[in-house]
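Computed from a predicted model, the values in this text were never measured in an experiment.
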Amino acid sequence: MTSGAQSAHVSDEIEGSVQGHRDGHGFVIRDDGQGDLYISPNEMRAVLHKDRVRARILRQDRRGRPEGRVVEIIERPARPIIGRLLQESGVWLVAPEDKRYGQDILIPKGATGVAKPGQVVVVELTEPPALFGQPVGRITEVLGEVDDPGMEIEIAVRKYGVPHEFSAAGLAQAKGLPDKVRAQDKKHRVDLCDIPLVTIDGEDARDFDDAVYCEPAKIGRAKGWRLLVAIADVSHYVETGSAIDIDAYDRATSVYFPRRVIPMLPEKLSNGLCSLNPQVERLCMVCDMLVTARGEVPAYQFYPAVMYSHARLTYTEVAAILANTRGPEAAKRQERVKDLLNLHDVYHALLLARRERGAVDFETTETQIVCDENGRIEKIVPRIRNDAHRLIEEAMLAANVCSADFIVQGGQPGLFRVHEGPTPEKQVLLRNYLKAMAVGLSISDEPKPAEFQAIAEATKDRPDAPQIHMMLLRSMQQAIYTPVNSGHFGLAFDAYTHFTSPIRRYPDLLVHRVIKAILGKTQYQLPALPAPGEAQAKLAKRLAGPGSKPRQQALGRAGLAWQAAGLHCSANERRADEASRDVEAWLKCKYMREHLGEEYSGVVSAVTSFGIFVTLDAMYVEGLVHITELGGEYFKFDEARQELRGERTGIRYAIGARVRVQVSRVDLGGRRIDFRLVHEGEQLPGGDGAGGAARKTGGRSGGRKSAPGAAPSVSGPVAETPPKAPVKKKEKAARKKAVAGQTGKARKPRRN
């Protein structure tokens, strides 16, 4: 029973947003944060997914969960619906691509436009749904055939409302910008063209935000380094409140898909005038630091400069040079080898400081989808992090910390990148888990990052280390942008912000403007930029919480504007992540359709009350083995241990267990891949121990019963689709994390 169920009273009215389910029922996600309100399929006929509603609590079901009825639709978002046009018995219908909408949309004969049956189209509603009538709409755009290359991206940008077309005013303004740095642009800037700054990025990078240079320096009598981090000076060209600025704020971030990027800035800026391309002059903002042998930064300064990138290097190339300074890669870049060794040295010093701070540093496996010319997956490969990745990351972290300190010392409002520690509820869950797993270490009532890192270090050689580390990560909160500096828990910084990627992140652009204002002894004022409804709703909810009046008084009017900007940027960062994951899930489903019936070995990557998620070793694709596929017995979900345990055999499935599965079903529309176990209970090589193969234990316990024998495949989620039975809010959150990863995958590989 959830807290919401315990406090719910029949006839209470609540407000919230409708979240539909592909099976026809839905939930009202309550504004007050209490347990979701179940809405029956019949009630859902009159509302749509994402509607804001007022609902009345009618009763509690046999499990104590509140069930309700929608009494008023407060707001219906004007977001278009994407789906496939169908013709059934002479009637035109559009089946929504997002199955949470629950019902097809009727299209009158004259409203189909040039669309043909089977094509993917965009629909605008002309009549809302009713209890006894389907919603009616008209086709406003034809996207093409479902198998057209890039169709998954066209769907995602519209499904998640990602702005993908610049305004006419923004494009016109970009067209009027110069093609290169002019003489007047260099005024009042430090000339760094003789400093051999270089960029280090991935092979497929097209925009270059940052360049680095390092040389030995004496700090008093001690050994140290001078580290320069030069960042593209986007703020010189994108003026506050301009057409380009409004477009950039609306997007808030670039969105990275396989084979395509939806940039925050027009291409003339992102790939041209602002990008630190090699052998051309570029304007930049520089964080010039002194770094001690212990990785401390006793002095730094910021200044605008003009630079000349002496080389465009890749991570692979730099790692090869550092590994062998006499190898072929080093021979090609002989004039850069000494500078790269200096960078490597300062990286080790900064790494020492990271360890002394106790910052959380878990190695996780990120994957890269490799597509062919038609956009189909050729393979999925792990993205290997080497010392070149890490030295750039540490240099960017150092510059970001100096930026945050500079803003604090300057006394001006700005946006910090805040990552708070685990909530009390997550602390309790983690302590119980660590105790159940006999880890021998736990966290205090006010945990520090070093405690998490100590647990990770102490358990890194255990067979169940992946399971333990995943639970450590899941106990933490997501990072946000806010003017209220609460520090960065994971990185163990008292103040942290984002300064290093203004080409692709709007908060970085704002930080640049604040730094320039402090340097010029002026006060930066946020423009009257539009704020979308999602950010405003989150702002209102946050400000209405405990301690809201003191917080508003402390922030003042200017601070509230900064908080709205921070929430907007945070919300759109989530939107970009969701859109990217949706596209990747689509591609993986299309890829796995070609492998139906094939068998693979894999590892359990998440455990829920409704089954286990398995990630295939060879393909890095995740799918669900539903609980009905685990065998003919009862299975109980042990929340403390995060495992399913069979009542009769005692077999247990936990994160890290090795299994063999068969690809049994792929649902492209639902972004779902289903597996079934093969040779259930067979132990594969290398899979023994607590985190190894499925194993037998003593004891009996009741729980959910799976179907006897070899049950047919039961569909389950791969992205964010709930199981067929209504589940509690915490179960939905656990399922979402199981797929999305812990803190949100970075849209551009690397960069803190």
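- Other residues, nucleotides and ligands contribute only 12 or fewer heavy atoms inside 6.0 Å of the CD atom of E373.
- No donor-acceptor distance shorter than 3.5 angstrom exists from the side chain of D245 to the backbone of A248, with no hydrogens or angles considered.
- Side chains of E154 and D148 form no contact here, defined as non-hydrogen atoms less than 4.5 Å apart.
- In this structure, H568 has its ring center under 6.0 Å from that of Y249.
- By the 4.0 Å N-to-carboxylate-O rule, K332 lies too far from E329 to be salt-bridged with it.
- Looking at heavy atoms from C-beta onward, D288 lies in side-chain contact with R226 at the 4.5 angstrom threshold.
- Ring geometry for H498 versus Y481: interplanar angle over 60°, hence perpendicular rather than tilted (30 to 60°).
- The shortest distance between side-chain heavy atoms of K379 and Y620 does not fall below 4.5 Å.
- When R504, R505, H512 are each tested for a side chain to side chain donor-acceptor pair (under 3.5 Å) with D508, only one passes: R505.
- For the pair R259 and E152, the salt-bridge criterion is not met [side-chain N within less than 4.0 Å of a carboxylate O].
- Note: D209 CG to C284 SG = 12.5 Å, rounded to the nearest 0.5 Å.
- No donor-acceptor contact under 3.5 angstrom links the side chains of Y303 and Q301, judged on distance only.
- At distances below 3.5 Å, not a single donor-acceptor pair connects side-chain atoms of R357 with backbone N or O atoms of F493.
- Taking the ring centre of Y308 as origin, the terminal cationic atom of R282 falls outside the region bounded by 6.0 Å and 45° from the ring axis.
- Taking both residues in full, the closest heavy atoms of L415 and P507 are given as CD1-CB, 4.2 Å, listed atom of the first, atom of the second, then distance.
- A side-chain donor-acceptor contact under 3.5 Å links S275 to the backbone of F208.
- Looking at D247, its side chain does come within 3.5 Å of a backbone N or O of S167 through a donor-acceptor pair.
- No cation-pi contact links R417 to F499, judged by a cut-off of 6.0 Å to the six-membered ring centre and 45° from its axis.
- The environment of CG in N324 is crowded: more than 12 heavy-atom neighbours from other residues, nucleotides or ligands sit within 6.0 Å.
- Counting heavy atoms of neighbouring residues, nucleotides and ligands inside a 6.0 Å radius, atom CD of E239 does not exceed 12 of them.
- By the 30° and 60° cut-offs, the orientation of the rings of H344 relative to H348 is perpendicular.
- Between T314 and R312 the shortest side-chain heavy-atom distance falls below 4.5 Å.
- A salt bridge between E281 and K186 is present, with a side-chain N of the basic residue lying under 4.0 Å from a carboxylate O of the acidic one.
- With a 6.0 Å radius and a threshold of 12 heavy atoms from other residues, nucleotides or ligands, E335 has its CD atom above the threshold.
- Comment: E317 does not engage R336 in a salt bridge, judged by the lack of any side-chain N to carboxylate O separation of less than 4.0 angstrom.
- A donor-acceptor pair is defined here as one N or O able to donate and one able to accept, closer than 3.5 Å; no such pair exists between the side chain of E573 and the backbone of T253.
- Salt-bridge formation is detected for the pair K516/D233: a Lys NZ or Arg NE/NH1/NH2 atom is positioned less than 4.0 Å from an Asp or Glu carboxylate oxygen.
- No donor-acceptor distance shorter than 3.5 angstrom exists from the side chain of D201 to the backbone of R206, with no hydrogens or angles considered.
- A salt bridge does not link K159 with E578: none of the charged nitrogens is closer than 4.0 Å to a carboxylate oxygen.
- With R189 contributing its side chain and M307 its backbone, the two residues share no donor-acceptor pair below 3.5 Å.
- In this structure, the side chain of D405 does not engage the main chain of A495 through any donor-acceptor pair within 3.5 Å.
- Under 4.0 Å is where a charged nitrogen must lie from a carboxylate oxygen, and between R574 and D577 no such pair does.
- Rounded to the nearest 0.5 Å, atoms CG (L177) and OH (Y237) are 8.0 Å apart.
- In this structure, I244 CD1 and Q173 CD are separated by 4.0 Å, a value rounded to the nearest 0.5 Å.
- Taking all atoms of both residues into account, the shortest heavy-atom contact from K268 to P178 is CE-O, 3.7 Å.
- At a threshold of 4.5 Å between non-hydrogen side-chain atoms, the residues I155 and W586 count as touching.
- Counting heavy atoms from C-beta on, the side chains of I200 and L340 come closer than 4.5 Å.
- In this structure, the side chain of T482 does not engage the main chain of G566 through any donor-acceptor pair within 3.5 Å.
- We find that R390 and D361 are not joined by a salt bridge, their nearest charged nitrogen and carboxylate oxygen being 4.0 Å or further apart.
- To the nearest 0.5 Å, atoms CZ (F416) and OG (S403) are separated by 10.5 Å.
- Counting only heavy atoms from C-beta outward, the side chains of Y506 and N572 never approach each other to under 4.5 Å.
- Proximity of V514 to L510: side-chain heavy atoms (C-beta onward) are nowhere separated by under 4.5 Å.
- Heavy-atom minimum distance, I503 versus M264: O-CE, 3.7 Å.
- Checked by atom type and distance alone, the side chain of D207 never pairs as donor or acceptor with a backbone atom of S270 at under 3.5 Å.
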